[in-house]
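Working notes for the structure below.
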There are 2 protein chains.
Amino acid sequence: MEICKFCSKRSSAAKHLGNDELEKLGHSCVEVSFEKGDIIFKQNALSSNIIYVREGLVKIHMAGPEREQILKIAKGPSYLGIPTTIGDKVNNYSATALTKTEVCFIDIHIFKDFISTNSEFAYEIIVNLCKNELGHFHRCVNQLQKQSSGRVAETLLFFADEIFKTDTFDLPLSRHELGDLTGNSRENVSRILSDFNNEGLINISGKSIQILNKEKLFMISRNG
Amino acid sequence: MEICKFCSKRSSAAKHLGNDELEKLGHSCVEVSFEKGDIIFKQNALSSNIIYVREGLVKIHMAGPEREQILKIAKGPSYLGIPTTIGDKVNNYSATALTKTEVCFIDIHIFKDFISTNSEFAYEIIVNLCKNELGHFHRCVNQLQKQSSGRVAETLLFFADEIFKTDTFDLPLSRHELGDLTGNSRENVSRILSDFNNEGLINISGKSIQILNKEKLFMISRNG
DNA sequence: ACTAAAATGTGATATAGATCACATATCATA
DNA sequence: TATGATATGTGATCTATATCACATTTTAGT
């Protein structure tokens with residue numbers, strides 16, 4: 001098993017692993033492929049693996065008191081659900097593939113082992129957790145304080161700039177999911193997208209989106 | 001300097017430090033006392049210390065696009081702002097004392113040093129970060145989905161159960177701050193508290209609060 | 001290719017909660 | 001203890017956004 005040794009998508013933490021450690025990792029690591037819509041792990045199930053997304057787009061979501069809440073869109077390569085695997089026995093949230101996704105399941109014991117024996121690895125994991133938490137703080141405050149069109153505008157820019165790195169792309173979410181992500185009703189998302197379309201900020205047809213006026217969209221995202 | 005060696009409020013991570021490590025920590029650690037209202041660290045300032053709250057109540061808050069957002073109420077003993085010290089050069093949020101607070105400033109270098117040389121310490125920090133993040137996810141979803149009276153009810157129960165461990169206590173926040181914490185306007189917080197009072201759920205007089213009907217308050221917190 | 005199911009668009013209506021306006025109470029400091 | 005400043009309570013609006021209702025489009029399974 002040399003899959004990890006020659007993996008081209010190693011995490012910044014795994015870059016600190018030596019050859020023998022990578023070999024060990026390769027032995028206790030399972031590679032799985034998920035299709036769009038497949039559940040990678042489920043809230044309330046026992047959490048026993050660290051998940052590493054080699055490639056693909058994943059939504060992290062949680063059942064809230066009223067409806068499903070999408071907490072985050074994660075793009076490989078990145079770790080997934082370290083907090084819920086280490087912080088609790090049970091998954092506090094679910095992860096579902098939004099596109100075809102390549103995932104490695106890493107046994108929690110070997111992960112702990114690396115943390116214990118390789119301080120550079122441990123430190124990278126800590127940095128990773130810290131950055132994630134900061135990102136999440138910002139996202140949360142934005143969600144809480146911006147108004148709905150601002151949240152939708154922000155999300156469109158997020159997909160363009162962070163995920164697809166182009167202004168023309170296919171939305172990987174339904175209107176309903178976009179609502180769960182931005183804290184809007186399905187109907188409101190439709191309306192806001194229509195408005196953006198009519199004002200010439202975007203060009204939308206089904207899921208395919210083209211951003212036409214990034215500056216104005218950014219202004220809307222900024223000022224609520 | 002033996003303040004850490006004989007400290008009665010050591011963190012779960014610091015319990016894994018040996019005598020010589022504690023001595024080292026004692027040398028590069030400064031103890032400071034803050035009064036109610038004092039700023040412990042400020043958003044956008046350079047972050048160069050890990051802060052450990054030995055005793056006291058602290059609010060973590062962040063300037064949002066519309067208003068100030070209180071992200072969390074932290075109670076000593078606990079670490080404060082590990083994410084912002086390790087995850088960024090600059091503080092992503094502020095911390096302000098809500099009561100008289102005893103704080104230790106720990107040099108980031110010695111902290112990193114412990115992470116590198118003491119794997120148990122590192123692992124405890126990781127567990128801590130993970131649990132914090134899970135807590136924050138839950139708080140965020142609650143904030144986003146519950147309606148205002150639910151958020152206020154939840155906060156009252158939080159103070160009673162988690163912070164003061166009694167049903168009669170003095171609110172350490174103004175109505176305005178309670179709004180910043182629960183995402184309500186100052187006026188709305190007043191109204192909600194008055195309602196709770198009139199319905200006999202609580203007894204309120206200024207900042208002093210007595211919870212009379214915990215079950216019903218819990219129901220309100222649950223069902224929005 | 002056909003049909004049921006699911007997703008989407010859009011108007012009308014309802015409402016939670018913000019904002020405004022002002023009265024009252026409490027606090028801090030000279 | 002007097003006095004300005006700050007915090008709080010409460011009614012009257014106003015508005016963003018949810019909800020409802022239904023038409024239309026798209027998708028998936030046979």
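Here is the naming used below: chain letters follow the sequence lines, and residue numbers restart at 1 for every chain.
- You'll find a donor-acceptor pair under 3.5 Å spanning the side chain of B:Arg191 and the base of C:dT19, going by distance alone.
- Remark: aromatic rings of B:Phe137 and A:His136 are close, center separation under 6.0 Å.
- At D:dT17, one or more side-chain N or O atoms of A:Ser148 fall inside 4.0 Å of OP1 or OP2 (strictly under the cut-off).
- In the set D:dA16, D:dT10, C:dT10, the nucleotide with an atom closest to the side chain of B:Ser194 is D:dT10.
- Nucleotide C:dG9 holds its P atom 11 Å from the CG atom of A:Leu178, rounded to whole Å.
- When the nucleotides C:dT8, C:dA18, D:dT8 are ranked by their closest atom to the side chain of B:Asn188, C:dA18 comes out on top.
- At the phosphate of C:dA7, neither OP1 nor OP2 sits under 4.0 Å from any side-chain N or O atom of A:Lys207.
- Contact annotation for A:Ser190: base contact, defined as any heavy-atom pair under 4.0 Å involving a base atom.
- Just one of A:Asn92, A:Val90, A:Ile51, A:Ile60 meets the side chain to side chain contact (heavy atoms under 4.5 Å, CB included) condition when paired with A:Thr84; it is A:Asn92.
- Looking only at atom types and distance, the side chain of A:Lys100 has a donor-acceptor partner in the side chain of A:Ser33 under 3.5 Å away.
- A:Ser174 comes within 4.0 angstrom of the backbone, heavy atoms only, and of no base.
- A side-chain donor-acceptor contact under 3.5 Å links B:Tyr79 and B:Ser11.
- B:Gly179 comes within contact range of no nucleotide atom at all, as no heavy-atom separation falls under 4.0 Å.
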